[in-house]
Amino acid sequence: MTVNNKAVGIIGVGSYLPEKIVTNADLEKVVETSDEWIFERTGIKERRVADGDTATSDIAAKAAEMALADAGITAEEIDLIIVATVTPDMSFPSVACLVQDRLKAKNAAAFDLSAACSGFTYGMVVASSFIKSGVYKKVLVIGAETLSKIIDWEDRNTCILFGDGAGAAVLGQVEDGYGILGVELGADGSGGDLLKVPAGGSRQPTSIETCNNKLHFIHMNGNEVFKFAVKVMGEAAVKALDDAGLDPESIDCLIPHQANIRIIQSAAKRLKVPMDKVVVNVDKYGNTSAASIPIALAETVKSGRVKKGDIVVLVGFGAGLTWASCVLKWCKGD
Ligand code: UT7
């Protein structure tokens with residue numbers, strides 16, 4: 001990705017997960033399912049669920065505070081806040097504006113970005129473009145979701161999959177030769193019907209009928225989304241690596257969207273990346289949509305698993321349909 005010679009990378013990361021854990025055993029009491037089915041088909045053992053009073057901006061702000069502390073900068077130094085989410089507190093104002101107020105990031109512009117589970121990586125590319133072009137110096141990108149609020153807890157096809165959480169990264173200029181080396185963003189809107197919340201927008205405004213018909217919950221064709229994911233994850237990572245002038249053998253750490261362990265394993269197999277180089281936390285958190293990659297990234301960085309100079313590849317897919325991948329030469333730490 002060459003706009004000018006400025007190297008742009010991640011200078012701070014943070015994540016926040018609600019405390020409440022819902023296990024597969026808990027779900028056995030709610031729908032006809034089993035711990036065995038859920039774990040075998042998805043790799044998920046448990047997920048986090050926000051309490052009734054907690055909205056997406058609350059957990060987004062917590063992850064953001066950690067990312068700012070990790071970057072060693074104040075909120076006032078942030079020029080732009082981008083929040084990737086499909087579960088905003090409300091239609092408007094944006095979650096980004098609510099977070100800007102919470103952080104007292106008074107010098108920051110703010111907007112939300114809608115690319116579902118690909119949203120954080122889309123946000124990184126947007127942030128990087130702003131920095132490379134010289135418009136902004138430091139951009140806070142957050143992926144945050146309270147999917148528990150838009151799940152039909154009586155639908156076993158979806159309620160077992162999703163969880164709540166938030167992850168954040170501060171992007172800024174880094175040492176030459178480090179940071180974002182290659183990107184790939186894509187979309188196929190013809191697959192929009194495969195994964196959506198049908199009502200609550202201008203197509204089907206909220207009414208008693210839409211509520212009675214459960215049209216404000218996630219509706220998904222799981223099998224078709226699975227097939228799309230298996231195809232696109234490997235392809236997107238290869239294109240981003242190609243953009244960086246690298247091949248899959250150079251990957252030191254693969255951070256895939258955490259939707260299903262079988263999708264992750266299939267992407268790793270296509271890329272010929274051994275699983276010990278792949279970050280997996282879907283067992284603990286389920287699918288947290290836009291938050292999944294930044295949470296996994298923050299946990300990986302905190303654990304010391306990535307070293308300066310490592311090639312780190314982020315890759316995800318989601319509703320839209322969308323996909324996104326970003327190749328980084330890691331620049332923080334030793
Ligand atoms: O971020 C993107 C979000 N979405 C995704 O990533 C979803 C991608 N898709 C998937 O992960 C998988 O398709 C699922 C995990 C959703 C489903 O797994 P699957 O292996 O594709 O199962 P299936 O939908 O083909 O269902 C197999 C059987 C069906 O029963 P019959 O028709 O064979 O009798 C389902 O009714 O399993 C049944 N089933 C369940 N059984 C127990 C579906 N959900 C459950 C459940 N517990 N929770």
Side-chain angles (χ1 to χ4, degrees), residues 22-47 84-87 113-123 143-148 150-167 186-189 191-198 217-234 236-237 255-268 279-283 285-296 314-325:
V22 173
T23 64
N24 291 347
D26 294 327
L27 291 177
E28 286 177 2
K29 295 174 200 146
V30 185
V31 286
E32 200 182 320
T33 190
S34 66
D35 173 43
E36 194 188 5
W37 191 98
I38 299 172
F39 187 64
E40 270 180 15
R41 300 286 179 125
T42 71
I44 300 167
K45 289 183 182 158
E46 58 190 42
R47 69 286 294 144
T85 187
V86 293
T87 48
L113 187 156
S114 177
C117 309
S118 312
F120 176 80
T121 313
Y122 261 72
E145 305 282 10
T146 47
L147 293 161
S148 62
I150 60 164
I151 287 170
D152 177 359
W153 289 99
E154 292 176 351
D155 175 13
R156 70 176 184 174
N157 291 303
T158 51
C159 77
I160 55 126
L161 293 175
F162 298 102
D164 300 339
D188 175 6
D193 279 339
L194 298 177
L195 180 53
K196 64 181 179 181
V197 173
F217 294 129
I218 294 175
H219 289 241
M220 181 180 72
N221 180 332
N223 287 311
E224 288 303 316
V225 174
F226 190 96
K227 280 188 233 160
F228 159 72
V230 161
K231 180 174 171 295
V232 86
M233 289 272 272
I255 305 186
H257 171 45
Q258 307 286 313
N260 183 319
I261 189 66
R262 291 186 291 142
I263 295 171
I264 294 171
Q265 284 165 342
S266 142
V279 176
V280 176
N281 65 13
V282 70
D283 53 323
Y285 307 134
N287 180 348
T288 57
S289 188
S292 111
I293 288 178
I295 291 171
L314 316 181
V315 61
F317 67 94
L321 299 166
T322 56
W323 60 89
S325 181

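One-based numbering along the sequence shown. Remember, it's 1-based here, ligands and their atoms both numbered in the order they're listed.
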Exercise. Partners of Thr87 by side-chain hydrogen bond (donor to acceptor under 3.5 Å, both in side chains), sequence neighbours excluded?
Worked result: Thr56, Thr85, Glu145
Problem set entry | Any donor-acceptor pair under 3.5 Å from Thr33 side chain to Arg156 backbone | no
For this session: Would you mind reporting whether Phe162 and Ile218 have side-chain heavy atoms less than 4.5 Å apart?
Result: yes
For this session: Find out whether Arg41 and Ile160 are in side-chain contact, i.e. whether some heavy atom of one side chain is under 4.5 Å from a heavy atom of the other.
Result: no
Exercise. So among Asp26, Asp164, Asn24, which one has a side chain to side chain donor-acceptor pair (under 3.5 Å) with Arg47?
Worked result: Asn24
Would you mind writing out a table of all protein N or O atoms found under 3.5 Å from any N or O atom of ligand 1, naming both atoms and giving the distance to 0.1 Å?
| from | atom 1 | to | atom 2 | distance (Å) |
| --- | --- | --- | --- | --- |
| ligand 1 | 1 (O) | His257 | NE2 | 2.9 |
| ligand 1 | 1 (O) | Asn287 | ND2 | 2.8 |
| ligand 1 | 9 (N) | Gly222 | O | 3.0 |
| ligand 1 | 11 (O) | Asn260 | ND2 | 2.8 |
| ligand 1 | 13 (O) | Gly222 | O | 3.2 |
| ligand 1 | 20 (O) | Arg41 | NH1 | 2.8 |
| ligand 1 | 20 (O) | Arg262 | NH2 | 3.0 |
| ligand 1 | 21 (O) | Asn223 | OD1 | 2.8 |
| ligand 1 | 22 (O) | Arg41 | NH1 | 3.3 |
| ligand 1 | 25 (O) | Asn223 | OD1 | 3.2 |
| ligand 1 | 36 (O) | Arg156 | NH2 | 3.0 |
| ligand 1 | 37 (O) | Trp37 | NE1 | 3.3 |
| ligand 1 | 41 (N) | Trp37 | NE1 | 3.4 |
| ligand 1 | 41 (N) | Arg156 | NH1 | 3.4 |
| ligand 1 | 47 (N) | Thr33 | OG1 | 2.6 |
| ligand 1 | 48 (N) | Thr33 | OG1 | 3.1 |
| ligand 1 | 48 (N) | Arg156 | O | 3.0 |

For this session: Among Asp155, Leu161, Asn157, find the one that has a side chain to side chain contact (heavy atoms under 4.5 Å, CB included) with Met220.
Result: Leu161
